[in-house]
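These notes concern the structure reproduced below.
Values below: every heavy atom of this structure, side chains too, minus hydrogens, waters and symmetry copies.
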Amino acid sequence: MRLNSFDDFSPLKEVVLGSAADYVERIRDMSFDMFISDNLSGARGYYPSITDWYTGEGRGDRNEPHRLALKERFLQELIEDVEGIAEQLKKLSVQVLRPMALDPAHGEMASPAWSAPVTPPLNLRDNTLIMGDEIIETPPTLRARYFETQFLKPIFMEYFRQGARWTTMPRPMMTDASFDPANIENAAPNIEVPLNARPSPYDVGVEIMIDGANCLRLGRDLIVNISNANHALACDWLERHLEGRFRVHRMRKLTQSHIDSVVVPLRAGTLLIRSEGVLDFLPEPLRKWDTIVSPVPEIGDFPQYENGDPIPPSPYIDLNVLSIDENTVMVNDACKTLIRTLEEHRFTVVPVRHRHRRLFGGGFHCFTLDTVRSGGDADYLS
């Protein structure tokens, strides 16, 4: 199929689904800390470590054999759940594409300024933005994900052969000086703040960095959440690049980064939101849409883990739903109250298992990159 994706709710025809295979490592460096510091509205970042970098009282046994075996079990269950998502999408007549597999023998990468383990391509939404018939590879905000879009090259090449545009935003050097320190002014108490920035001969100052999940696509409009100077520079680039084709709207500090567990357009005229306060951040036309306010997540909605495993993602992670069309939504099967709420608003809910989303991070929207939907460049905001 030819690349065509302008929104997150018109009928889904083709999608790329990430892979959790070899999701075994997270590195403790400034780029990781910057990302998982607390969202300004109370949401947290997505990518907790399951390795040995995190130290603290009561965590001395986190790499003992019984703990490592438990983490390996969690990883296998994550892989099972992602494959279950693939099967359900196929049952819904959606064409599912998959990235290249990560070779475990090549788990390390390096630039002139830093080194990091390679991250498998699981949360595809973050490092790519699809704007109509264009693939835009976004500049990563985590060093360990610097080359993540390389695993999508065969897919992108095929769309390019069929006529798609394909652009890569400027790649950052990602030294410590590249990050705007304002990103951590509201760090969560259970997350360490970044280390003091270390000088590098490759410093160029604050750079362009943003994730695709900072953005909300609505036909000919793109809403971009900006919480720091990195995001602002990225929005400058997007405005210049998309001028004449899309209207770019700046949204100030709804969250620290991603917004797809905070505000979700389920169809034209209807938003799923975390709270009524979200509306204050949105462009004026969106405040007039019908809203469905998420029920408060319950402790029983999530697996419980031993003390010592950091759980950075927001308890509202399950708002990270995937719309199959304007009336059908894929939702975590553990979220009974959210399912009931959507059904009360006459949506058809497709419940799918995803157990360890607060441990590994990400939801159905994060894991997917919708490349073909039937919608076009409609004007939803005039």
Any donor-acceptor pair under 3.5 Å linking the side chain of [X] with the backbone of [Y]?
| X | Y | result |
| --- | --- | --- |
| Ser115 | Ala110 | no |
| Arg274 | Ser261 | yes |
| Asp290 | Thr270 | no |
| Asn228 | His231 | yes |
| Ser19 | Ala21 | yes |
| Asn320 | Cys366 | yes |
| Arg98 | Leu17 | yes |
| Asn332 | Cys335 | no |

Taking only residues two or more places apart in sequence or in another chain, which ones pass side chain to side chain contact (heavy atoms under 4.5 Å, CB included) with [X]?
| X | value |
| --- | --- |
| Ala268 | Phe9, Tyr380 |
| Met109 | Trp114, Ala116, Val118, Tyr146, Phe147 |
| His345 | Ile292, Thr341, Phe347 |

Sidechain N-carboxylate O distance under 4.0 Å for [X], [Y]:
| X | Y | answer |
| --- | --- | --- |
| Asp236 | Arg250 | yes |
| Asp333 | Arg353 | no |
| Glu343 | Arg340 | no |
| Asp325 | Arg267 | no |
| Arg240 | Glu243 | no |

Minimum heavy-atom separation for [X] and [Y], please, with both atom names.
| X | Y | value |
| --- | --- | --- |
| Cys215 | Val224 | SG-CG2, 4.1 Å |
| Ile155 | Pro99 | CD1-N, 4.3 Å |
| Gln150 | Pro154 | O-CD, 4.4 Å |
| His258 | Val262 | O-CG2, 4.5 Å |
| Ala86 | Val96 | O-CG2, 4.0 Å |
| Asp370 | Arg373 | OD2-NE, 2.6 Å |

| query | So Ile130 and Phe6, side-chain contact (heavy atoms from CB on, under 4.5 Å) or not? Walk me through it. | reply | CA-CA 7 Å; Ile130 305 295; Phe6 287 85; over 6 Å; no
Does a side-chain heavy-atom distance below 4.5 Å link [X] with [Y]?
| X | Y | value |
| --- | --- | --- |
| Met173 | Asp203 | no |
| Arg217 | Ser5 | yes |
| Pro140 | Pro172 | yes |
| Pro265 | Leu271 | yes |
| Leu242 | Val248 | yes |
| Leu381 | His249 | yes |
| Asn4 | Lys13 | no |
| Thr128 | Phe156 | yes |

Do [X] and [Y] have a side chain donor and acceptor closer than 3.5 Å?
| X | Y | result |
| --- | --- | --- |
| Ser111 | Arg143 | no |
| Asp180 | Asn230 | no |
| Thr255 | Asn225 | yes |
| Glu80 | Gln76 | no |

| request: Taking atom NZ of Lys153 as the centre, report whether more than 12 heavy atoms of other residues, nucleotides or ligands fall under 6.0 Å from it. | output: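 For Lys153, atom NZ is crowded (more than 12 foreign heavy atoms under 6.0 Å).
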Are [Y] and [X] connected into the same hydrophobic cluster when the rule is that any two of I, L, V, M, F, W, Y join if their side-chain heavy atoms are below 4.5 Å apart?
| X | Y | value |
| --- | --- | --- |
| Leu124 | Leu102 | no |
| Leu254 | Trp289 | yes |
| Tyr316 | Val321 | yes |
| Tyr202 | Met209 | no |
| Leu97 | Met100 | no |

| request: Sort out for me which residue in Arg2, Arg165, Arg245 forms a salt bridge (charged side-chain N to carboxylate O under 4.0 Å, His left out) with Glu134. | output: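 Going through Arg2, Arg165, Arg245 one by one, the salt bridge (charged side-chain N to carboxylate O under 4.0 Å, His left out) with Glu134 is satisfied by Arg245 alone.
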Interatomic distance, [X] atom [atom1] to [Y] atom [atom2] [nearest 0.5 angstrom]:
| X | Y | atom1 | atom2 | answer |
| --- | --- | --- | --- | --- |
| Asp211 | Asn123 | CG | CG | 9.5 Å |
| Arg145 | Thr119 | CZ | OG1 | 6.5 Å |
| Asp8 | Leu218 | CG | CG | 8.0 Å |
| Glu137 | Thr167 | CD | OG1 | 9.0 Å |
| Asn214 | Cys235 | CG | SG | 10.0 Å |
| Asp7 | Leu12 | CG | CG | 10.0 Å |

| task | Run through Val263, Leu286, Leu282 and flag the one making a side chain to side chain contact (heavy atoms under 4.5 Å, CB included) with Ile223. | result |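 Of all the options given, the one that passes is Leu286.
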| message | With side-chain contact (heavy atoms from CB on, under 4.5 Å) as the criterion, how do Met330 and Leu89 come out once you've worked through the C-alpha distance, each side chain's angles and the decisive distance to 0.1 Å? | response | CA-CA 9 Å; Met330 183 179 289; Leu89 286 167; 3.7 Å; yes
| request: Kindly assign one of parallel, tilted or perpendicular to the pair Phe364 and His354, based on the angle between their ring planes and the thresholds 30° and 60°. | output: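 Tilted.
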| Working for side-chain contact (heavy atoms from CB on, under 4.5 Å), residues Leu266 and Leu342 | CA-CA 10 Å; Leu266 297 177; Leu342 291 173; 3.8 Å; yes
| said: As a quick check of understanding, evaluate side-chain hydrogen bond (donor to acceptor under 3.5 Å, both in side chains) for Thr371 and Tyr159, giving each step before the final call. | reply: CA-CA 9 Å; Thr371 50; Tyr159 283 127; 2.6 Å; yes
| query | Yes or no on side-chain contact (heavy atoms from CB on, under 4.5 Å) for Asn127 and Leu152, after CA distance, side-chain angles and deciding distance? | reply | CA-CA 11 Å; Asn127 289 327; Leu152 300 176; over 6 Å; no
